[in-house]
There are 2 protein chains.
Amino acid sequence: MTLEDSVPTVDLPTLEQTAELAEIFHLMGDPSRLRIVLRCLHADVAVTDIAQSLGLSQSSVSHHLRLLRVARLLRAERRGKQVFYSAADHHVRGMLGDMVEHISEGKGGDT
Amino acid sequence: MTLEDSVPTVDLPTLEQTAELAEIFHLMGDPSRLRIVLRCLHADVAVTDIAQSLGLSQSSVSHHLRLLRVARLLRAERRGKQVFYSAADHHVRGMLGDMVEHISEGKGGDT
DNA sequence: CACATATATGAGCATATGATCATATATTAA
DNA sequence: TTAATATATGATCATATGCTCATATATGTG
């Protein structure tokens, strides 16, 4: 069984989809921002908590959070004085989860 | 069945793994580079072909290819005068494939 | 070798980016 | 209202990035 058999027709994403995908990758491409996303992937976390646990400034975290929120990767929910951030939806969790898995496996694989 | 049931213990990647992941995302975060990777995801493609089919300059493509090659996302194979690029391994194909799927689905989902 | 084709690379430049600092806004308590 | 805590945002700046142009290298042909 060749590779082509298991990958019959590989519809490449449209230019628009590619641009959208690139935007997501671009956001995840910054280490601080990626750590923030991962921190919020499976839990609601307040801004101060994120900053403290990752050793980043409140301002920096807030700036990053705005980008992630606008891009709909994270969602914000205010409770009292605090704002809790979490993954926007299961697609975000799925994407990142898959990536993390691949990275964990990776390291020595070839085709 | 709650979400937590299906995601028992979510070991976050190490700082090193996160940095590695961010580097990959960073590379994919440029639209031109992402298009190049997608073009090479399921086929060996020569540099000139990539440039022509994507409407990019040879120089620009070559610069991008070097980054992707060094990061081991793509591999190069010379055949005569031409150099053919393709996805380095099944992890790269898997990662991108998963991402493309999520993007294709996405669009309106929430948890 | 000389020449053409294919790819790679270095320099230079305009723009994008991430961090910090200062400050603004929001919420709650006294 | 005043004060304290939590978050957001605008300005500034040093650095990173992507592109182009020119040129170098590599392979094949006559």
Side-chain angles (χ1 to χ4, degrees), chain A residues 15 18-40 43-88, chain B residues 15 18-40 43-88:
Chain A
L15 241 181
T18 304
E20 187 184 346
L21 195 51
E23 195 191 329
I24 294 176
F25 279 136
H26 179 248
L27 285 170
M28 310 274 211
D30 177 73
S32 297
R33 219 148 43 209
L34 179 58
R35 293 178 71 206
I36 291 173
V37 173
L38 291 176
R39 187 75 176 73
C40 299
D44 290 18
V45 193
V47 178
T48 300
D49 278 6
I50 298 173
Q52 285 185 355
S53 62
L54 300 186
L56 302 172
S57 76
Q58 180 269 319
S59 176
S60 181
V61 169
S62 195
H63 278 297
H64 284 309
L65 286 172
R66 181 163 55 87
L67 296 178
L68 295 167
R69 179 168 21 94
V70 167
R72 294 180 166 275
L73 289 177
L74 297 185
R75 68 193 187 84
E77 181 187 349
R78 179 178 281 275
R79 294 180 208 152
K81 276 188 285 192
Q82 295 177 299
V83 178
F84 292 81
Y85 282 80
S86 58
Chain B
L15 241 181
T18 305
E20 188 184 347
L21 194 52
E23 195 191 328
I24 295 176
F25 279 136
H26 179 248
L27 285 170
M28 311 275 211
D30 177 73
S32 297
R33 220 150 40 212
L34 180 57
R35 294 178 71 207
I36 292 174
V37 173
L38 291 176
R39 188 75 177 70
C40 299
D44 290 16
V45 193
V47 178
T48 301
D49 278 7
I50 299 173
Q52 286 184 355
S53 62
L54 301 185
L56 302 171
S57 77
Q58 180 268 320
S59 176
S60 180
V61 168
S62 195
H63 278 297
H64 284 309
L65 285 173
R66 181 163 55 86
L67 297 178
L68 295 168
R69 179 168 21 93
V70 167
R72 294 180 165 276
L73 289 177
L74 296 185
R75 68 192 188 85
E77 182 186 349
R78 179 177 282 275
R79 293 181 208 153
K81 276 188 286 192
Q82 294 178 300
V83 176
F84 293 80
Y85 282 81
S86 57

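All heavy atoms count here, side chains included; hydrogens, waters and symmetry mates do not. Lettering of chains follows the sequences in order, A, B, ..., and the numbering in each one begins at 1.
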Rounded distance in Å - CG (A:L67) to P (D:dT9): 11 Å

5' priority, DNA chain C, between A:G29 and B:R69 [closest heavy atom]: B:R69

Whole-Å gap separating P (D:dT17) and CZ (B:F25): 17 Å

Residues B:S32, B:H64; criterion side-chain contact (heavy atoms from CB on, under 4.5 Å); working and verdict: CA-CA 8 Å; B:S32 297; B:H64 284 309; 4.0 Å; yes

Backbone N/O of B:Q58 and side chain of B:S62: donor-acceptor pair under 3.5 Å: no

Sugar-phosphate only, base, or nothing, as touched by A:F84 at under 4.0 Å among non-hydrogen atoms: nothing

Nucleotide C:dG18, atom P - distance to CG of A:L34 in whole Å: 13 Å

N or O in side chain of A:H26 less than 4.0 angstrom from C:dT17 OP1/OP2: yes

Length of the CG-P vector between A:L68 and D:dT9, whole Å: 13 Å

Heavy-atom pair of closest approach, residues A:R35 and A:L54: NH1-O, 3.3 Å

Non-hydrogen side-chain atoms of B:C40 and B:I50 separated by less than 4.5 Å: yes

Rounded interatomic separation in angstrom, taking CG from A:L27 and C1' from C:dG18: 13 Å

Nucleotide D:dT7, atom C1' - distance to CD1 of A:I36 in whole Å: 13 Å

Under 4.0 Å protein heavy-atom contact, by nucleotide of nucleotides 19-30 of chain C - B base, S sugar-phosphate only: SBBB----BS--

d(CZ, A:R66; C1', D:dA6) in whole Å: 17 Å

Lys/Arg-Asp/Glu bridge criterion (N-O < 4.0 Å) met for A:R79, A:D44: yes

Residue-phosphate contact under 4.0 Å: A:Y85 side-chain N/O, D:dA8 OP1/OP2: yes

Nearest-angstrom distance from the residue atom CD of B:Q82 to P of D:dT27: 13 Å

Contact summary for B:L34 and A:A22, nearest pair of heavy atoms: CD2-N, 3.5 Å

Distance-only polar pair, side chains of B:Y85 and B:R39, donor-acceptor under 3.5 Å: no

Over all atoms of both residues, closest heavy-atom pair of A:L27 and A:A71: CD1-CB, 3.2 Å

Rounded (10°) bend between the five-pair end axes of the helix from C:dC1-D:dG30 to C:dA30-D:dT1: 20°

Distance-minimising heavy-atom pair for A:A43 and A:S86: O-CB, 3.7 Å

Backbone N/O of B:E77 and side chain of B:R75: donor-acceptor pair under 3.5 Å: no

B:L65 versus B:L74, closest heavy-atom pair with distance: CD2-CD1, 3.8 Å

Expected output: side-chain A:R33 to main-chain A:M28 donor-acceptor under 3.5 Å: no

Proximity to DNA chain D (any heavy atom under 4.0 Å), residues of residues 46-55 of chain A only: A:A46, A:V47, A:T48

